[in-house]
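Letters A, B, ... mirror the listed sequences (proteins, then strands); counts begin at 1.
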There are 2 protein chains.
Amino acid sequence: MSAIGERSPVQEPHQSLAERLFLTLRGEIVEGRIAAGSKISEPGLARRFNASRGSLREALMHLESLGLLERRVNVGARVVDLGERGLLELYEVREALEGMACRLAAQQRTEEDLAELRQMLSRHEQQEELQAGKAYFQPEGDFDFHFRIVQASKNALLIDTLCNRLYYRVRMYRYQLGMASPRARRAFREHSHIIEAIEAGDGELAELLMRRHIRASRQNIENKLR
Amino acid sequence: MSAIGERSPVQEPHQSLAERLFLTLRGEIVEGRIAAGSKISEPGLARRFNASRGSLREALMHLESLGLLERRVNVGARVVDLGERGLLELYEVREALEGMACRLAAQQRTEEDLAELRQMLSRHEQQEELQAGKAYFQPEGDFDFHFRIVQASKNALLIDTLCNRLYYRVRMYRYQLGMASPRARRAFREHSHIIEAIEAGDGELAELLMRRHIRASRQNIENKLR
DNA sequence: GGCACCAGGATTGTCGACAATTACCAGGAG
DNA sequence: CTCCTGGTAATTGTCGACAATCCTGGTGCC
């Protein structure tokens with residue numbers, strides 16, 4: 001249950017080939033180097049990585065369990081292509097889960113978590129003033145925020161579901177749609193208020209604010225798609 | 001993304017061996033025939049089912065993605081054994097997701113869904129009066145209710161997450177702890193009120209009631225564990 | 001007695017090959 | 001021209017074997 005945002009930047013030495021294939025392919029799919037909706041050729045990819053089809057299939061199954069691939073028996077695997085509907089569904093689930101994460105983070109907060117959250121926020125503030133609010137919604141800023149909040153919930157299942165199962169799809173969509181949100185300054189204020197509520201230990205308010213925050217983000221995307 | 005509660009009782013004819021192994025093993029793990037925490041022997045199980053280790057490994061990976069198995073590289077797979085902490089985490093996530101499912105079900109309800117829900121409820125009422133309230137919380141009654149609600153949300157990601165990824169773990173715990181809740185009659189009333197809120201199209205109330213319902217169920221388990 | 005070390009055995013990771021199924025394309029009938 | 005049909009090629013599902021790694025039990029040393 002290894003979350004994506006762990007501290008150690010070193011790679012585990014005991015890593016299976018299938019796992020390395022999985023990580024590589026996940027990156028290529030998320031960043032769009034392998035197009036959404038395109039068919040996956042097992043023999044082709046196996047040749048490309050000088051790996052056996054068995055190891056590659058293991059990686060593909062892992063990708064399927066993340067919801068990045070769709071496999072059908074005797075037919076093969078395709079990169080998922082959910083469309084507008086799937087994106088909105090994703091945000092509805094995020095609203096529920098990250099709302100709960102905020103509530104739990106407020107209840108279970110430690111001084112250590114709070115210090116990290118405050119530090120992150122001030123780092124974002126500098127970055128935001130530098131870049132005049134257009135880059136805030138890129139992975140460094142926004143994902144960092146949501147990751148940290150979710151980690152602070154201390155609920156392993158919640159962390160796994162959001163960070164491993166859902167966020168890669170979100171990132172895939174952002175690459176696909178070329179997100180550069182105009183909500184940067186407002187989003188930063190919302191983040192700030194959420195952290196204040198967590199500091200105050202007000203789980204109910206923290207949940208409410210996070211849900212509103214994600215709903216606003218969803219509506220922003222909804223408008224953009226018309 | 002095939003949910004568990006689909007209509008057709010017939011088995012798909014084009015089903016891979018790995019998938020059959022997966023279904024069989026899932027059943028045995030959920031029902032406790034393969035003990036929680038026990039180690040999985042790939043060669044042993046492969047011999048038992050007259051299958052190759054490759055096909056079996058595919059089934060094991062699928063089980064891992066459901067959170068029923070934990071695999072470590074070069075070591076092997078063990079049946080998950082989360083303990084009290086994991087069970088409570090499970091209920092926190094359910095509270096968030098099923099609450100959202102209720103909200104969506106109330107917003108997107110169709111006359112067809114409502115008819116099915118009402119019919120299910122009256123069926124449960126008869127059954128409840130027959131069995132004097134001790135069997136209601138068994139899979140037939142309770143799971144049926146939660147399944148139907150989630151289906152009615154029409155959110156495929158939500159349906160998949162709850163029905164495929166979380167419910168099997170819940171069922172596993174129930175078998176493990178031998179659940180026969182004393183909350184039967186009260187739970188039935190709560191179910192009834194939730195459906196009323198959905199009928200009325202009041203998503204906010206439906207969500208609130210469902211969250212309360214699951215929290216009560218969680219506290220009931222919490223008490224039982226002390 | 002306790003701890004480090006070292007085979008032996010078993011298990012896992014990886015590979016290439018075969019069988020079964022599907023997709024593709026050409027040809028003919030309506 | 002469209003639709004159906006048949007055959008071929010490619011892809012997927014399944015299998016057994018080999019190499020790398022880990023667990024177990026026993027031995028020797030402190």
*Asks:* Please check the phosphate of dG13(C) (OP1 and OP2 only) for any side-chain N or O of R57(B) closer than 4.0 Å.
*Replies:*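 Answer is yes, contact under 4.0 Å.
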*Asks:* Please determine, for the side chain of R71(A), which listed nucleotide (dG13(C), dT22(C), dG13(D)) has the closest atom?
*Replies:* dG13(D)
*Asks:* For the residue pair R171(B) and Y168(B), would you count it as a cation-pi contact if the rule is NZ or CZ under 6.0 angstrom from the ring centre and within 45 degrees of the ring axis?
*Replies:* no
*Asks:* Do R71(B) and E58(A) sit within salt-bridge range, that is, some charged N less than 4.0 Å from a carboxylate O?
*Replies:*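 Yes, this pair counts.
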*Asks:* Whole Å only: how far is the CZ atom of F22(A) from the P atom of dG13(C)?
*Replies:*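 Whole-Å distance recorded here is 16 Å.
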*Asks:* Grab the CG-P distance between L21(A) and dC15(C) for me, whole Å please.
*Replies:*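 Checked: the CG to P distance equals 9 Å.
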*Asks:* What integer distance in Å separates L60(B):CG from dT12(C):P?
*Replies:* 9 Å
*Asks:* Hey, is the side chain of S55(B) poking within less than 4.0 Å of OP1 or OP2 on dC15(D), counting only N and O atoms?
*Replies:* yes
*Asks:* Rounded to the nearest angstrom, tell me the gap between atom CG in N74(A) and atom P in dA23(C).
*Replies:* 9 Å
*Asks:* E42(A) CD to dT21(C) C1': how many Å, rounded?
*Replies:* 13 Å
*Asks:* Indicate whether OP1 or OP2 belonging to dT14(C) is found under 4.0 Å from a side-chain N or O atom of S52(A).
*Replies:*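 It does not, given that no N or O in the side chain of S52(A) lies less than 4.0 Å from OP1 or OP2 of dT14(C).
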*Asks:* As a test of reading the structure: which of dT12(D), dC15(C), dC22(D) is closest to the side chain of R53(A), going by heavy atoms?
*Replies:*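 Shortest atom-to-atom distance from the side chain points to dT12(D).
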*Asks:* Salt-bridge test for K154(A) and E92(B): reply yes if a basic N is under 4.0 Å from a carboxylate O, no otherwise.
*Replies:* no
*Asks:* Starting at the 5' end of DNA chain C, which residue's closest nucleotide do you reach first, S41(B) or V75(A)?
*Replies:* S41(B)
*Asks:* Could you check whether atom CZ of R47(A) has more than 12 heavy atoms from other residues, nucleotides or ligands sitting under 6.0 Å from it?
*Replies:*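 No, CZ of R47(A) has 12 or fewer neighbouring heavy atoms, counting only those of other groups under 6.0 Å.
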*Asks:* Check the phosphate of dC22(D) against K39(B), side-chain N and O only, distance under 4.0 Å to OP1 or OP2. Yes or no?
*Replies:*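 For dC22(D), OP1/OP2 do not have a side-chain N/O of K39(B) under 4.0 Å.
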*Asks:* Under 4.0 Å between a Lys/Arg side-chain N and an Asp/Glu carboxylate O for E111(B) and R118(B)?
*Replies:*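 Counted as a salt bridge, because a side-chain N and a carboxylate O are separated by less than 4.0 Å.
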*Asks:* Among dT12(D), dT14(D), dT12(C), which is the nearest nucleotide to the side chain of P43(B)?
*Replies:* dT12(C)
*Asks:* Within this structure, what is the CG-to-P distance between L45(A) and dT11(D), rounded to whole angstrom?
*Replies:* 12 Å
*Asks:* Taking for each residue the nucleotide of DNA chain C bearing the nearest heavy atom, is the 5' side occupied by R72(A) or by A77(B)?
*Replies:*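 The answer here is A77(B).
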*Asks:* Tell me: CD of Q15(B) to C1' of dG13(D), nearest whole Å?
*Replies:* 14 Å
*Asks:* So which nucleotide from dT14(C), dG13(D), dT21(D) ends up closest to the side chain of L17(A)?
*Replies:* dT14(C)
*Asks:* What's the CE-P distance between M61(B) and dT12(C), to the nearest Å?
*Replies:*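 M61(B) atom CE is separated from dT12(C) atom P by 12 Å.
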*Asks:* Name the nucleic acid region contacted by I40(A), choosing base, sugar-phosphate or nothing; use a 4.0 angstrom heavy-atom cut-off, strictly under.
*Replies:* sugar-phosphate
